[in-house]
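Working notes, structure below.
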Amino acid sequence: MALTYSKKDKLKSRKLIEKLFSEGRSIAAYPLRMVYLKTSFDDGVAFKAGVSVSKRNFKKAVQRNHIKRLMREAYRCHKSTYFNNSSNEFALMILYIGKETVDFALIEKKMQQLLNKFSEKELTDKTAP
RNA sequence: CAAGUAGAUCGCCUUAUCGCUGUCCUGUCCCAAUUGCUAUUGGGACGGGAUGGAGGAAAGUCCGAACACCAUAGUGCAAUCAUAGUGGCUAACGGCCACCCACCGUGAGGUGAGGAAAAGUGCAACAGAAAGCAAGUACAGGUCAUGCUGUAGUGAAACCAGGUAAACUCUAUGUGGUGCAAUGUCAUGUAAACUAACGUUGACCUGCCUGUCAUCGAUUAUUUGAUGGAGGCAGUCGGGAGCGUGCACGCGCGAUUGUUAGAGGGUAGACAGCUAAAGUUUGCUGGUAACAGUAAACGCAGAUAAAUGAUGAGGGCUUUUCUUUUUUAGGAUUUAGAUUCUAGAAAAUGAAACGUACAGAAUUCGGCUUAUAGAUUUGCUUACUCA
RNA sequence: UGGCCUAUGGUGUAACUGGUAACACGUUGGUUUUUGGUACCAAAGAGUCUAGGUUCGAGACCUAGUGGGCCAA
């Protein structure tokens, strides 16, 4: 898996997102929180992910955009190390639940923790039994 | 120099690596259509290359328009809302420009919802005799006599055709509604489904078609022609539940698949709208100016859980501190030169640290309002005091 | 994206057509009680979200902003 994050890797279906929030499970690594749901896609992409920042915590569009960019960048750089050999397909949504802006180093570190937790919990359990 | 005042312009830069997104070109493979085949067209997957990619406010959504639909957006009345010196600019405006007037400021300048109080209705706490049909205090003057005259006192305002219209109102002008989540096409899906209420067409002649019916004519007969009647279609004139903005008029739409309401079902995807426009820059001409005309060049974001970013390195800019140098004042040591301490000022291809604003397109324009670190630049002003 | 409403002591609400912010609960102090509660008495606590304007005078009227809330596929 390359270090890309193009249109196909993004979670775009409104219907699927509603289903994800109503039925999905979640794990957290503050200030990040991930909601995920096992599903299947038509176009051969194993993981589709989206990011979200609450308007309640960040009033200004510039701040929201900046945090979302940082989260996307962190996801793009580290997804390949965890998701390379998976047979299942997942929809992911990563939320920012903190209330203050942070720098890229912290988000990168927390994203690694989050993806590590996710892979331990879901990906390895599926293959072992 | 300092303080101020009115404008104008800009609002971080360079580079390496990894990414996001639009457009164009192009390679390999797969699918479909056409063809006898090469091949062509369309779609998809994986690649490669070129090139474009946030703002002065993109913000607030406060005005004005374009555009789309509702009827081609009409007429009268009413209501609502807006505007309000004069003239001009503009596609339009509640915007802009010029001038007049009023107020503020020493001044440069600033602010102004700046029509009407002699059409009418209302309002004015406290104080005061009295707050506007009027009534009348004290002192002085005056008169035949009297609030007849002046002054005082209360108050923001006391008879002035008073004040107040950002009180109602009147005058003039304007104002239909909904907003790109408009609107159109395709896809998906039940359903031309269900429940309730209401409604669903007559006349006339003309034309065409049908050829079942009646009469008459031609023909041996099949058949064919004419007239009348019947049916259908089209046209004309009406009726029609209702629908189309508050009312009325007028106009339009309107039925085998109607109108209104209820309950319920599906989708929430794609494409168009969608970025060439009252366009941007520069020069010249006209105009006091806003602005207009003209010539040349440019061709400038188009995302949709929503692109324009991340990391590293270097450089600008601002502020502070330190260091060094120069210099001023005072003190100490010394015969003098000189050395040194304290306080202040200025400068630096010096060093370090911190900071580098406000803020993110969502149909598109013209304005207004609000936020904004800092930098550049132009015009103008300075009463009093001190030098 | 488009539209609408609202803001008054710590909390919840009043304030008529502009006239100098009221009530309840809560808080503080006192009385009653052996003590606490209840009850009674008294006091403090906002200058009306912010900034301008109109007016003699604004919580109210006008303009601009800030915060909070609601609606529309």
Side-chain angles (χ1 to χ4, degrees):
Chain A
M1 196 182 277
L3 292 176
T4 58
Y5 183 63
S6 62
K7 268 188 173 178
K8 280 187 182 174
D9 302 318
K10 291 179 186 170
L11 186 59
K12 292 167 94 81
S13 163
R14 186 187 294 261
K15 210 175 170 182
L16 186 59
I17 290 166
E18 280 179 13
K19 194 181 172 192
L20 172 64
F21 276 112
S22 60
E23 300 178 12
R25 309 173 62 188
S26 76
I27 51 178
Y30 188 84
L32 301 176
R33 177 163 170 270
M34 179 160 83
V35 183
Y36 62 92
L37 184 70
K38 191 178 165 190
T39 178
S40 63
F41 303 110
D42 299 332
D43 50 1
V45 180
F47 292 89
K48 283 179 186 282
V51 297
S52 179
V53 181
S54 169
K55 204 171 186 176
R56 182 176 295 274
N57 295 335
F58 296 96
K59 295 259 173 224
K60 288 169 184 170
V62 170
Q63 295 179 359
R64 288 199 301 274
N65 280 348
H66 185 65
I67 291 172
K68 280 153 81 174
R69 278 166 183 160
L70 293 175
M71 286 161 74
R72 273 198 291 268
E73 182 72 10
Y75 176 80
R76 178 182 75 80
C77 292
H78 295 287
K79 63 173 184 169
S80 62
T81 59
Y82 298 100
F83 293 171
N84 243 341
N85 39 16
S86 169
S87 55
N88 297 307
E89 299 185 341
F90 284 92
L92 314 171
M93 177 63 78
I94 301 167
L95 308 169
Y96 189 86
I97 53 177
K99 296 196 175 169
E100 290 159 0
T101 53
V102 290
D103 58 351
F104 180 72
L106 185 69
I107 285 192
E108 190 177 26
K109 190 177 147 200
K110 293 292 180 183
M111 182 65 75
Q112 281 176 296
Q113 285 182 15
L114 191 72
L115 294 175
N116 195 29
K117 269 189 184 176
F118 174 75
S119 64
E120 279 181 5
K121 194 167 180 184
E122 292 294 327
L123 301 181
T124 55
D125 283 359
K126 290 288 187 291
T127 54

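Lettering of chains follows the sequences in order, A, B, ..., and the numbering in each one begins at 1. The analysis underlying the following values was restricted to heavy atoms, covering all of them including side chains, and did not include hydrogens, waters or symmetry mates.
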Would you give the length of the straight line joining atom CG of A/L106 to atom CG of A/L70, rounded to the nearest 0.5 angstrom? 10.5 Å
Can you measure from CE (A/M34) to CG (A/L95) and round to the nearest 0.5 angstrom? 10.5 Å
Using a cut-off of 4.0 Å between protein heavy atoms and nucleotide atoms, how would you tag nucleotides 355-363 of chain B 5' to 3' with B, S and -? ----BB---
Salt bridge (charged side-chain N to carboxylate O under 4.0 Å, His left out) test vs A/D9 passes for just one of A/K48, A/K79, A/R72, namely A/K79
Between atom CZ of A/F90 and atom CG of A/L37, what is the distance when rounded to the nearest 0.5 Å? 8.5 Å
Judged by nearest nucleotide, the residue sitting upstream toward the 5' end of RNA chain B, A/C77 or A/M93, is A/C77
How should the glycosidic conformation of B/G43 be described, syn or anti, under the criterion that syn lies within 90° of 0? anti
Let me confirm one number: the CD1-CG distance from A/I97 to A/L32, rounded to the nearest 0.5 Å. 7.5 Å
Would you compute the distance between atom OH of A/Y96 and atom OG of A/S52 and round it to the nearest 0.5 angstrom? 13.0 Å
Have a look at C/G47 and give me syn or anti from its glycosidic angle (syn if within 90° of zero). syn
Could you go through A/E73 and A/R76, starting from their C-alpha distance and side-chain angles, then the distance that decides it, and tell me whether this counts as salt bridge (Lys or Arg N to Asp or Glu O under 4.0 Å)? CA-CA 5 Å; A/E73 182 72 10; A/R76 178 182 75 80; 2.8 Å; yes
Residues from residues 105-116 of chain A sitting under 4.0 Å of RNA chain B, heavy atoms only? none
A/L114 side chain near A/K110 side chain, heavy-atom distance below 4.5 Å: no
Taken to the nearest 0.5 Å, the spacing of A/Q112 CD from A/C77 SG works out to 9.5 Å
By nearest-nucleotide position on RNA chain B, the 5'-leaning member of A/K68 and A/Y5 is A/Y5
Under 4.0 Å between a side-chain N/O of A/R72 and OP1 or OP2 of B/C18, yes or no? no
Complement of B/U324, any strand, by Watson-Crick or G-U distances under 3.5 angstrom: B/A347
Begin from the C-alpha positions of A/L92 and A/F118 and carry the test side-chain contact (heavy atoms from CB on, under 4.5 Å) through to its verdict. CA-CA 10 Å; A/L92 314 171; A/F118 174 75; 3.9 Å; yes
Contiguous Watson-Crick or G-U pair runs (3 or more, under 3.5 Å) in RNA chain C: C:1-7 with C:66-72, C:10-13 with C:22-25, C:27-31 with C:39-43, C:49-53 with C:61-65
